[in-house]
Amino acid sequence: MALEVFVRGMIFLFLAVVGIPGNATVIVAFLLLLYQEKRLLAADAILLHLTCVNLLVVGVRALTETLASFRLADIFGDTGCKSVIFIYRATRGLSIWLTFLLSTYQCLSIAPPGSSWASVRALLGHYLAFVFLFLWVLNACMTTAAILFSISAKNETSPIENGLNVQFCYLNFPSKLSKDANGAIQVVRDIVPMAVMTLASLIILVFLYKHSQQVKGLRSSGGGGAGNSGAEQRAAKAVLALMTLYVVLYGADNGLWVYTLTVKKTMSSSLITDLRLFFSSLYAALSPLVIIASNRKVNSRLGCVAHEKSAVEKIKNLSSM
């Protein structure tokens, strides 16, 4: 096995080992919350949906790349290439737009009660299922190129015009125009939510700054604490951490994507594509760690599970004595 392929396999193995258990843990925590409280708040439902999509991103791409790199499974025939690339690109797009939806909802949540923005937030929460459906359909439609133009690298051994090297697969576009058009669609799909999320981050930062100033004023005047705004502040910080992670990693991903579009012939090495896959999969792998560290509801449910396990083990130990 070539050193490059081995290192590539180890990197994707790391993403799978971190991302799959992490996302699965968050999903279990939210399902426990749903079971106990019989409902999920809109922000929690968005986080659960985002985590499920990130699990698909890591499971489909990182896991299949690991299996193929170590030759544990022959996955990437023509049908395998079409399936893996389609699912990965559709879920990757969904991950981006769900992070955007979460940031938008959090931004609306800090609007004063009774304002028009608060009404928009309530409307968004009411029709959240339709928003999810729309985002699934939108990203599936924008990923049809993966089905139309993906071929196995086993069937194409020489560099091809207007193609992208994805290690085990090629995206073989019929013309430069189709390649550029597909590339432009992908960039716009990523840049628009990135720009809006950057604006939302600034709004949340201003809110947090004003909130801290108000707390300082209350303390200096001998008043009470901030009360119910503490939960909003913690939620805003958690979403801000996710948005920062998204902008950094997907910013690098899109920069590399634009570079690949400027290359006239298919590159003999898949290094640039591998780096893109790494950055986008890294977001899917690390985001559950951010959620676990910052979300009190997830922490409390995981703490209850750990407490119950330790109690069961103590009972077993006592009964065996």
Side-chain angles (χ1 to χ4, degrees), residues 5-32 34 45-99 101-102 132-133 135-140 142-143 146-147 150 152-153 166-169 171 186 189-190 242 245-246 249-250 253 270 273-293 295 298 302:
V5 177
F6 175 78
V7 172
R8 185 178 189 276
M10 290 302 295
I11 289 173
F12 283 107
L13 177 61
F14 164 76
L15 292 174
V17 168
V18 173
I20 293 176
N23 283 291
T25 300
V26 175
I27 290 170
V28 169
F30 276 120
L31 291 179
L32 284 173
L34 177 61
I46 297 171
L47 270 175
L48 174 59
H49 205 96
L50 174 63
T51 307
C52 291
V53 167
N54 284 338
L55 180 61
L56 279 174
V57 171
V58 178
V60 169
R61 195 64 190 193
L63 191 57
T64 54
E65 294 287 342
T66 302
L67 293 174
S69 296
F70 293 118
R71 299 177 183 175
L72 299 174
D74 187 11
I75 301 167
F76 292 104
D78 283 349
T79 303
C81 283
K82 292 179 187 297
S83 302
V84 170
I85 294 177
F86 174 78
I87 295 172
Y88 166 72
R89 288 197 167 191
T91 52
R92 174 190 174 279
L94 268 168
S95 178
I96 292 169
W97 280 91
L98 287 170
T99 307
L101 179 63
L102 179 65
F132 288 154
L133 178 61
L135 291 179
W136 273 99
V137 173
L138 173 67
N139 283 279
M142 296 179 73
T143 318
I147 297 177
S150 298
S152 173
V166 198
Q167 183 67 27
F168 301 106
C169 307
L171 275 171
Q186 303 299 319
R189 181 182 69 174
D190 293 357
L242 275 177
L245 186 66
Y246 162 84
L249 295 179
Y250 276 112
D253 176 5
S270 63
T273 301
D274 291 344
L275 288 172
R276 289 189 56 236
L277 291 176
F278 172 74
F279 284 121
S280 56
S281 300
L282 189 60
Y283 173 78
L286 294 182
S287 58
L289 303 182
V290 175
I291 295 171
I292 292 171
N295 192 294
V298 172
L302 295 179

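Quick caveat: nothing in here was measured; it's all calculated off a predicted structure.
A distance of 9.5 Å separates CG of Leu289 from OG1 of Thr25, quoted to the nearest 0.5 Å. Taking OG of Ser150 as the start and CD1 of Ile85 as the end, the distance is 3.5 Å to the nearest 0.5 Å. How far CG of Leu171 is from NZ of Lys82: 9.0 Å, rounded to the nearest 0.5 Å. The structure places CZ of Phe12 at 8.5 Å from CZ of Phe278, a figure rounded to the nearest 0.5 Å. Distance check, rounded to the nearest 0.5 Å: CZ of Phe132 to CG of Leu50 gives 9.5 Å. The line from CG of Leu31 to CG of Leu48 is 6.0 Å long, rounded to the nearest 0.5 Å.
Two residues are said to be in side-chain contact when any heavy atoms from C-beta on lie closer than 4.5 Å; Leu56 and Cys52 fail this criterion. With a 4.5 Å cut-off on side-chain heavy atoms, Tyr88 and Glu65 do not count as touching. For the pair Tyr283 and Thr99, the minimum side-chain heavy-atom distance is below 4.5 Å. Looking at Phe30 and Leu34, their side chains never come closer than 4.5 Å, going by heavy atoms from C-beta outward. For the pair Val60 and Val84, the minimum side-chain heavy-atom distance is below 4.5 Å.
Using a 3.5 Å distance cut-off with no hydrogens or angles, the side chains of Asn54 and Ser95 do pair a donor with an acceptor.
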**Message:** Does Leu55 form a side-chain contact (heavy atoms from CB on, under 4.5 Å) with Thr51? I'd like the steps, not just the answer.
**Reply:** CA-CA 6 Å; Leu55 180 61; Thr51 307; 5.8 Å; no

**Request:** Give the intermediate values and the outcome of side-chain contact (heavy atoms from CB on, under 4.5 Å) for residues Val58 and Leu63.
**Result:** CA-CA 7 Å; Val58 178; Leu63 191 57; over 6 Å; no

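Gly9 approaches Ser69 most closely through the heavy-atom pair CA-CB, 3.5 Å. Contact detail for Gly22 and Ile292: the closest heavy-atom pair is O-CD1, 4.3 Å. Between Ser152 and Asp78 the shortest heavy-atom distance is N-OD1, 2.7 Å.
Side-chain atoms of Thr66 come within 3.5 Å of backbone atoms of Leu13 as a donor-acceptor pair (strictly under, hydrogens ignored). Trp97 contributes a side-chain N or O that, together with a main-chain N or O of Arg189, makes up a donor-acceptor pair within less than 3.5 Å. In terms of modelled atom types and a separation under 3.5 Å, the side chain of Asn23 and the main chain of Pro288 share no donor-acceptor contact. A donor-acceptor contact shorter than 3.5 Å is absent between the side chain of Ser83 and the backbone of Gly80.
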